[in-house]
Amino acid sequence: MNLTAETKVLIQGIDQPIGRHYAQRMKAYGTLVVAGVSVGHGDTTIDDIPCFNLVEEAIAQVGEIGMSLIFANPYHVLDAALEAIDSGIRQLAIAAAGIPPLDLMQLFDKAKTTNTLILGPGSAGAIVPGKIWIGTCEPQFYTPGNVAMISRSDRLADEVALSLTQGNIGQSIAVHLGTGAMIGSSFRDWLGFLAEDDATEAIVLIEQNAQGSYEAAQELENLNLKKPIVAYVVGHTVPIAKAESDAASAIASQLTCTIPHTNTAKQKIAAFKKAKIAIADYPQDLPTLVNNALKKKTPRRRTPPRRRRSTN
Amino acid sequence: MDLLEYQAKVLFREVGIPVLPSQQIDDPRDLKQLQLPYPIVLKSQVHAGGRGRAGGIRFVENTIDAIAAARTIFNLPIMDEYPQVLLAEARYDTEKECFLAIVFDYLLGCPVLLGSSQGGIQVESVLEQMQKIVLEEAFSPFHARKLTVAMGLQGKAIKSVSEIIVRMYRLFATKDLNSIEINPLGINTAGDVMALDGKITIDDRALGRQWEVLGLLDRLNKVEQNGDTESSHPDVISLPVAYPLEVYNAQGNIGILSNSMGLGMLTWDLLHKEGGKPACCWIMSSESDGILLDEEDLADSLAYALSQVQAVEGVDRILINCLSSAEISTAVAKAIADLIKPQGDTTALADSEDRAERPTALAWRSQRFPRKRTKANKSSRSASNRTETKFIVRLIGVDGEAISTISHSTLYCTEDLTQAIQQTLSFK
């Protein structure tokens, strides 16, 4: 993970209405939106952002790209992502949702072999408040601070950021893993990054009822994270019916996970409780829980700064 | 989208998976022009399993019996579904029946080959013999051979069954399938194979690029559509502008409309916490789905979603909770003000009926919700329904003046979610 105010950002699909809208706003926020790719618009500019027909042409012109934000139509996402990876970009955020699973399988295989970090599909991007904003989350709800957010939900993460901000808790970073049935980088990947992130002192995990086939709590096993975690699972009172599977017959579905969304909020909450993670029932409860977690942590925090001084 | 047996078999035939000679029967009278020699089997074309036990499969020896049996099957609902089509098929004597499937496994993130040397409807015995090959790498025919050997097949069957799996995979990969299943696959004494029944599910997200398959299904459905246009699959597939959360609470009176699924669920949780009774929840596609609507489309989408929520039985108030940029929130506020106007003592959704009724897979699915009115009396919507619905809107960043101008006796606006929840519960 490498996201700083200096990270150069490419937008694939900048000619799409959504690409153009966010390119402009991200640039105004201070994000270095250095180029856009849009087939047929090479040698033009969109809102003063130079456009290219190919990713490699963009890189030749503006230099190394830290992250590409992909706004392609779902059926073109695979191709756009492969082009970015082929051109050497190693961090991608995919905004589009609804990408056929076989495309994703191919993309994730490629990402694995090239060590590419993917947010999404269905990701609202990432934000380091005050420094860099990439994606479709709404930056006005975020403020700089020391609490990281990892979300497996959608716009809800903005609501959570608003609750934290209103409770005087700023955010060190917020990442949106995506809403797809299959996603690129996972809770575990990001918890690993955040463990090393000096700006992050506590982490808020956001999960959603019937989203994803397994829960974040499972990924917390054996992680041995020193920073406190507070989880919030939305939809614990929403009676989502068990997905019907006349699709794959009863026989096939007994042996495979044929339904993308299987885990209910109740299962996720139970898993977090088992992992002894504090759980907020509503976003409004988060500030108190995060403050409590940070307070508890203070005595243990004495050692790391001292160690850092000695290594210097 | 789940294909029926006769549709699946058309695709089987396309890739050379052997199927029996058969004929599509849209009406019992079609049997007078039957091209197949008797005896035949008549099979109800419904999605539910267990057709045989429910009486949806009948063996017949002559035309008179066949017509009588067809009438019976057409009038027999299986899991509430009446067949629109029957399949008349030749009979086949098998020596052995197997189970074969390729399924996309979401937990593993890749397809899985499944095979059992015991096919048929006895689930437990099929499962007992089940073998599984996980396709962590790209599929190659040797994966199919490994499966057949694991299944305990021998001699000629190894080759013929592997070949079927290779062809199934070809369909799986080129048609964006979630699953493809042959059960049973008949193997006769000569070692020849025959797909006796089949199930195919196309991934809904891929429907927009599987227009060849959809075209094929349309042609098959021609007769059916003349008779009944409602029951067919959606004929236009585009990104849904709004879709329902698959929940319905019959005791509820509050409809929820949000621009995000997570936010919709939070709204449900908060209403529930305060003792409210949400009935249903609709989600408008938005930027977080990678869709940016222009003002006009946004208004259409909102009108469509609101009309859907308002039509749900029991809903007397609708909480609209949208979190977005000030610019988009302002557009939403404007659209709401246009849509929900006080008209004397009635509040109505201004001519929202015919706007944005885009048939999508998801919109079509929504018809599962019990509705206040049927299509027949659509025009004669009772005035009492109009007066009852109250609207509560939560939007952030819209300038205060705009908010105050749109609020009126049946419409309340606020930036604060807690207030919106309170008002929803206390609105008289």
Side-chain angles (χ1 to χ4, degrees), chain A residues 16-18 21-22 25 71 74-75 95-102 104-105 108 122 124 136-138 140-141 153-159 162 179 181-182 208-209 213-214 234-241 243 246-260 281-284, chain B residues 2 47-49 99 101 103-112 114 116 123 126-127 130 132 173 176 178-179 181 183 199 201 203 205-206 208-209 239 245-247 249 259-263 265-266 268-270 272-273 281 286-292 294 323-326 396-397 417-418:
Chain A
Q16 306 275 322
I18 189 164
H21 175 89
Y22 282 100
R25 291 182 56 207
F71 279 117
Y75 300 152
I99 296 156
L102 289 169
L104 289 176
M105 196 175 77
F108 295 161
T136 60
C137 55
E138 285 298 331
Q140 65 272 24
F141 303 124
S153 183
D154 45 15
R155 187 61 86 205
L156 175 70
D158 289 349
E159 184 80 48
L162 178 65
T179 55
M182 292 162 66
Q208 188 170 309
N209 189 5
S213 310
Y214 50 87
V234 76
H236 59 276
T237 68
V238 183
I240 287 197
D246 49 29
S249 72
I251 294 176
S253 52
Q254 291 222 357
L255 291 160
T256 53
C257 179
T258 53
I259 307 154
D281 291 333
Y282 306 96
Q284 293 78 359
Chain B
D2 303 331
H47 291 98
F99 170 97
V103 174
F104 197 92
D105 188 310
Y106 282 94
L107 196 55
L108 300 169
C110 66
V112 172
L114 294 171
S116 173
V123 177
V126 176
L127 285 172
M130 192 69 83
K132 187 168 166 178
D176 281 309
N178 267 343
S179 68
E181 178 180 308
N183 183 30
K199 276 197 164 80
T201 306
D203 190 283
R205 287 159 290 199
R209 67 179 180 191
L239 285 169
L245 212 56
E246 292 282 309
V247 288
N249 170 15
N259 63 339
S260 125
M261 191 182 279
L263 205 54
M265 286 193 191
L266 167 62
W268 189 297
D269 281 348
L270 288 173
H272 190 270
K273 178 191 175 196
C281 177
S286 68
E287 314 83 64
S288 51
D289 302 308
I291 297 165
L292 182 76
D294 63 27
L323 196 58
S324 196
S325 64
I396 291 186
L417 183 53
T418 313

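Note on naming: letters A, B, ... go to the chains in the order of the sequence lines (proteins, then strands), and numbering restarts at 1 for each one. These values consider heavy atoms only, across backbone and side chains, with no hydrogens, waters or symmetry-generated copies.
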Which atom names give the shortest non-hydrogen contact between A:Asp154 and B:Ser260, and what distance separates them? OD1-OG, 2.8 Å

Chain A heavy atoms under 4.5 Å from B:Met130: which part of the residue, side chain, backbone, both or neither? side chain

Taking side chain as everything from C-beta outward and backbone as N, CA, C, O, which of these in A:Leu104 sits under 4.5 Å from a heavy atom of chain B? Side chain, backbone, both or neither. neither

Would you call A:Leu102 and B:Pro111 a side-chain contact if the rule is heavy atoms closer than 4.5 Å? yes

Heavy-atom distance under 4.5 Å to chain A: side chain of B:Asp203, backbone, both or neither? side chain

Check: A:Thr237 main-chain N/O paired with B:Trp268 side-chain donor or acceptor under 3.5 Å: yes

At a heavy-atom separation under 4.5 Å, does A:Phe108 approach chain B through its side chain, its backbone, both, or neither? neither

What's the shortest heavy-atom distance between B:Tyr106 and A:Met182, and which atoms? CD2-CG, 4.1 Å

Partner residues of B:Ser325 under the side chain to side chain contact (heavy atoms under 4.5 Å, CB included) criterion, sequence neighbours left out: A:Arg25, A:Glu138, A:Gln140, B:Glu327, B:Ile328

Can you tell which part of B:Ile396 gets under 4.5 Å to a heavy atom of chain A, answering side chain, backbone, both or neither? side chain

When every non-hydrogen atom of A:Val234 is compared with those of B:Gly262, the smallest separation belongs to CG2-O, 3.5 Å

Looking at A:Met105 and B:Gly109, what are the two nearest heavy atoms and their distance? CG-O, 3.5 Å

Residue A:Ser153 versus chain B: region with a heavy atom under 4.5 Å: side chain

With chain A as the partner, which of B:Leu323, B:Leu263, B:Val112, B:Val126 has the greatest number of non-hydrogen pairs under 4.5 Å? B:Leu323

Is any side-chain heavy atom of A:Ile99 closer than 4.5 Å to a side-chain heavy atom of B:Arg205? no

Can you check whether A:Phe71 reaches B:Leu292 side chain to side chain, under 4.5 Å on heavy atoms? no

Using ring-ring contact (aromatic ring centres under 6.0 Å, His included) as the criterion, list what pairs up with A:His236, not counting sequence neighbours. A:Tyr282

B:Leu266 portion near chain A, given a 4.5 angstrom heavy-atom threshold: both

Step by step, work out the side chain to side chain contact (heavy atoms under 4.5 Å, CB included) result for B:Met265 and A:Leu156. CA-CA 9 Å; B:Met265 286 193 191; A:Leu156 175 70; over 6 Å; no

Non-hydrogen atoms of chain A under 4.5 Å away: do they reach the side chain of B:Ser116, the backbone, both or neither? neither

Per-residue tally against chain B (heavy atom, under 4.5 Å) across A:Pro101, A:Ala96, A:Pro17, A:Gly235 peaks at A:Pro101

Looking at B:Asp294, B:Leu270, B:Asn249, which has the largest count of heavy-atom pairs under 4.5 Å with chain A? B:Leu270

What part of A:Gln16 lies closer than 4.5 angstrom to a heavy atom of chain B: side chain, backbone, both or neither? neither

